[in-house]
Protein chains: 2
Amino acid sequence: MVVENELTDDEVDRIFQALADTTRRDIVTRVLRQEQSVSALAGHYRMSFAAVQKHVAVLERAALVTKRRRGREQVVHGNVATLRRAAGLLEDYEQIWRGRARAIEDLLAEEVPPGDRGAQ
Amino acid sequence: MVVENELTDDEVDRIFQALADTTRRDIVTRVLRQEQSVSALAGHYRMSFAAVQKHVAVLERAALVTKRRRGREQVVHGNVATLRRAAGLLEDYEQIWRGRARAIEDLLAEEVPPGDRGAQ
DNA sequence: GTTTTCTACAACCATTTGGTTGTATGTTAG
DNA sequence: CTAACATACAACCAAATGGTTGTAGAAAAC
């Protein structure tokens, strides 16, 4: 394991599920660049305010964004730690794959003992 | 952009959607470790063969796995390139965030011109 | 105070998802 | 050839998803 990740299956489900929508990914990029109120976010899309509100709620349940009250508006900001964890998970998969590749290499090295090279 | 990624929104949707299920993530880890036939995979889960077949189909549409015929069985192997791309996307988000952090730093540096340190 | 703005939330709807069973087809074993 | 095995695929179902409209409350503006 590259990094201790302590995420439950459900949490990982929610993270990837939340990322599996273009609008939500766009919201994430926007709030990573600069935190914004929900209505400011809603202004960027052609869907209803309530729809955007729901998208933000999905991202919030996945801990990809957090809301903070500021006066009458609720300002959304990105949660880079969760993104880092998700990236870490994917990197773990790569490591598994490399581990297998390594094992195959080792196996081949065993089959062709040192000093026996050259024979097919 | 860290790496040229040339994925459409729909493709990214499918990748994250496919990863948003514990069974499917488990299938990915298994076939990354060692390629397996669909029925061999199905043996590991308490759901029906058809259900596992559907999960594999979802992973295949996302290009996370590929099937190869071998006799009467269809052997599934993991597609590490797609995983790498997904990881790259998440790393891009981190970069956006770091970019903003950098911009804030620069802004602060402007507000407190050189030689004026020590105040606040 | 009244009005406007921003948010929350419920109810509803169409579509997708994740599962089932059943049937058909191709491939290997005897 | 026949039987067993591995896969494909359709039909069906309950639950979740992504959208809508409408109503209500809280905070700010006037």
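Convention: sequence-line order gives letters A, B, ...; per-chain numbering from 1.
When distances are taken from the side chain of A:Lys54 to each of C:dG19, D:dT20, C:dT7, the shortest belongs to D:dT20. Of the candidates C:dA11, D:dT7, C:dT7, D:dT7 carries the atom nearest the B:Ser37 side chain, counting heavy atoms from C-beta on. Here the side chain of B:Met47 is nearest to one of D:dT7, C:dC9, C:dG19, namely C:dG19. Candidate nucleotides C:dT21, D:dT21, C:dG18 were compared by shortest atom distance to the side chain of B:Arg24, and C:dG18 ranks first. Among C:dC6, D:dG19, C:dG19, the nucleotide with an atom closest to any side-chain atom of A:Ser39 is C:dC6. When distances are taken from the side chain of A:His55 to each of D:dA8, D:dG18, D:dT20, the shortest belongs to D:dG18. Listed nucleotides: D:dG18, D:dC9, D:dT21. Nearest to the side chain of A:Ala50: D:dT21. Closest to the B:Arg72 side chain, of the nucleotides D:dA6, D:dT17, C:dT7, is D:dA6.
Residue A:Ser48 is the one, among A:Arg69 and A:Ser48, whose nearest nucleotide of DNA chain D lies closer to the 5' end (criterion: closest heavy atom).
Rounded to whole Å, atom P of C:dG18 lies 15 Å from atom OH of B:Tyr45. If you take CD of A:Gln17 and C1' of D:dA15, they are 13 Å apart, rounded to a whole angstrom. The interatomic distance linking B:Gln53 (CD) with D:dA10 (P) rounds to 11 Å, in whole Å. Atom P of nucleotide C:dA8 and atom CZ of A:Phe49 are separated by 7 Å, given to the nearest angstrom. Distance CG (B:Leu41) to C1' (D:dA6): 13 Å, rounded to an integer number of Å. At whole-Å resolution of the value, CG in B:Asp21 and C1' in C:dT16 are 14 Å apart. Following rounding to the nearest Å, B:Phe16 (CZ) and C:dT17 (P) show an atom-to-atom distance of 17 Å. One can place CZ of A:Arg46 at 18 Å from P of D:dG18, the figure rounded to the nearest angstrom.
When the options A:Asn79, A:Thr29, A:Val31, A:Val80 are evaluated for a side chain to side chain contact (heavy atoms under 4.5 Å, CB included) with B:Trp97, the one that passes is A:Val80.
Applying the 4.0 Å criterion to OP1 and OP2 of C:dC6, one finds that A:Gln74 has every side-chain N and O outside that range.
B:Val56 is not connected to B:Val75 by any chain of hydrophobic side-chain contacts under 4.5 Å among Ile, Leu, Val, Met, Phe, Trp and Tyr, and they are in different clusters.
For the 3.5 Å distance criterion, the side chains of A:Arg25 and A:Thr22 qualify, holding a donor opposite an acceptor.
Surrounding CZ of B:Arg69 are more than 12 heavy atoms belonging to other residues, nucleotides or ligands, all under 6.0 Å away.
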CA sep, side-chain torsions, deciding dist, call: A:Glu73, A:Arg70, salt bridge (Lys or Arg N to Asp or Glu O under 4.0 Å):
CA-CA 5 Å; A:Glu73 58 191 12; A:Arg70 189 175 58 191; 3.3 Å; yes

